[in-house]
Protein chains: 2
Amino acid sequence: MSPSLERRDLVHELRAKGIRITPQRRAVIEVIQEVREHLDAGSLLELARKRHPRIDRATIYRTIDLLKKLRVVDELDLMHLEGEKHFYEVKTVREHIHLACFRCGRIEEFSSSLFEQLKSEISREAGFHIRVTRLEVGGSCQACAEKDVQEGNR
Amino acid sequence: MSPSLERRDLVHELRAKGIRITPQRRAVIEVIQEVREHLDAGSLLELARKRHPRIDRATIYRTIDLLKKLRVVDELDLMHLEGEKHFYEVKTVREHIHLACFRCGRIEEFSSSLFEQLKSEISREAGFHIRVTRLEVGGSCQACAEKDVQEGNR
DNA sequence: CTGATTGCAAAGAATTTGCACTGCT
DNA sequence: AGCAGTGCAAATTCTTTGCAATCAG
């Protein structure tokens, strides 16, 4: 129920920026901050409704849009493991990579200084001003890779 | 009109694998091989119809699926610059990164040995067996980054 | 010949929009 | 009080599916 320690208090942060905080927005923001899994719009709606029962789908999407524009959340596709939904997570200090297992569906997170180096290289060599990056990797997680071998898949 | 030199002849490659080559599939494959831009299902349909006028939307999607499963094409989101379409490209020897400019919409490609190193690191350290990766970067391309500064955006 | 592939039409999933009403600051 | 934000319902966009007819090998 309490926000994880390493995460900032988004509600205050946004209010300080002059963003209007409605109960609906508060509900969405709290859910997205407190739930560790990656949420799609549907589950976000479901969870936000526990706090603010009359909240509508449209408000969820509008709030997500707002948070994306403010750059406080990242949008993920997670390799479209389950349809074409998008998933959302609060931006972390260090960006991380998502490893999606096609076999068991688990999502692992991975971060690496090589990724940071790669991003600097991109800015430097392509003269590209990076606002957001998304690195998704699909394949088999360790456990499933072993099963693949046993079963002769690969 | 002629396929670019560095690309293999997919039709023969697939037939060798026992894949049935229909005129519809041939049309889709030829288009995807010959056109340099990233195509979404809609433009793929339009272009494939020039070769095989009665081809249907469903066949496009089914063929894309087939090619994805055979791992001869990659699916891209290109940062959802224009809606939620997906884009397709024939897999290249070396995977590359797509840089999407939010301002002018241009897509640049970038490849780097750091990316290859990062992928090895992921397999090694996470024990993850990588099948496909997608690295997309959004921001401002060189030209637009300059305009951003001039206009005080940033 | 025969099962894989296709076109068609309809359904489905995710997201967006127009508009009158509500409520934050 | 004023205007940004909301709920509702309908619309849009992209993709998938069921089924009878067709065709590649």
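Letters go in sequence order (proteins before strands), and every chain restarts at 1.
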Checklist entry - Side chain of A:A58: nearest nucleotide among C:dA10, C:dG3, C:dT17? => result C:dT17
Next on the checklist: On the side chain of B:R15, is there an atom forming a donor-acceptor pair with the base of D:dG25 - under 3.5 Å, no angle test?
Outcome noted: no
Next on the checklist: Checking contacts here: which listed nucleotide (D:dC14, D:dC8, D:dT15) is nearest the side-chain heavy atoms of A:D56?
Outcome noted: D:dC8
Next on the checklist: By nearest heavy atom, map B:R54 and B:I19 onto DNA chain C; which one lands nearer the 5' end?
Outcome noted: B:I19
Next on the checklist: Over all strands shown, is B:P23 touching base, sugar-phosphate only, or nothing at heavy-atom distances under 4.0 angstrom?
Outcome noted: sugar-phosphate
Item to check | Closest listed nucleotide, where the reference is the side chain of A:H52 and the choices are D:dG7, D:dC14, D:dG25 | outcome: D:dG7
Next on the checklist: Can you confirm whether A:R94 is buried at CZ, in the sense that more than 12 heavy atoms of other residues, nucleotides or ligands lie under 6.0 Å from that atom?
Outcome noted: yes
Next on the checklist: Which label fits A:H38 and A:H98: parallel for a plane angle under 30°, tilted from 30 to 60°, or perpendicular past 60°?
Outcome noted: perpendicular
Item to check | Per B:R62 side chain, nearest of listed nucleotides D:dG18, D:dT6, C:dA10 | outcome: D:dG18
Checklist entry - Looking at A:F87, is A:K85 sitting on its ring face, NZ or CZ under 6.0 Å from the six-membered ring centre and within 45 degrees of the normal? => result no
Next on the checklist: Which is more 5' along DNA chain C, the nucleotide nearest A:Q24 or the one nearest A:E75? Just name the residue.
Outcome noted: A:E75
Checklist outcome for this item: Among D:dT6, D:dC23, D:dT15, the one nearest any side-chain atom of A:T22 is D:dT6
Next on the checklist: Rounding to an integer number of Å, can you tell me how far B:R57 CZ sits from D:dT15 P?
Outcome noted: 11 Å
Checklist entry - Just by distance, with hydrogens left out, do A:S43 and A:D40 show a side-chain donor and acceptor under 3.5 Å apart? => result yes
Checklist entry - Whole-Å distance between C:dA14 C1' and A:I64 CD1? => result 11 Å
Checklist entry - Of the candidate nucleotides C:dA14, C:dT5, D:dG7, which contains the atom at the shortest distance from the side chain of A:T59? => result D:dG7
Item to check | Separation of atom OH in B:Y88 from atom P in D:dC14, rounded to whole Å | outcome: 11 Å
Checklist entry - A:L14 has an atom CG; how far is it from atom C1' of D:dA4, in whole Å? => result 15 Å
Item to check | Length of the line joining A:E84:CD and D:dC14:C1', which is rounded to integer Å | outcome: 9 Å
Item to check | Pair A:E75, B:H80: side-chain N/O donor-acceptor within cut-off below 3.5 Å | outcome: yes
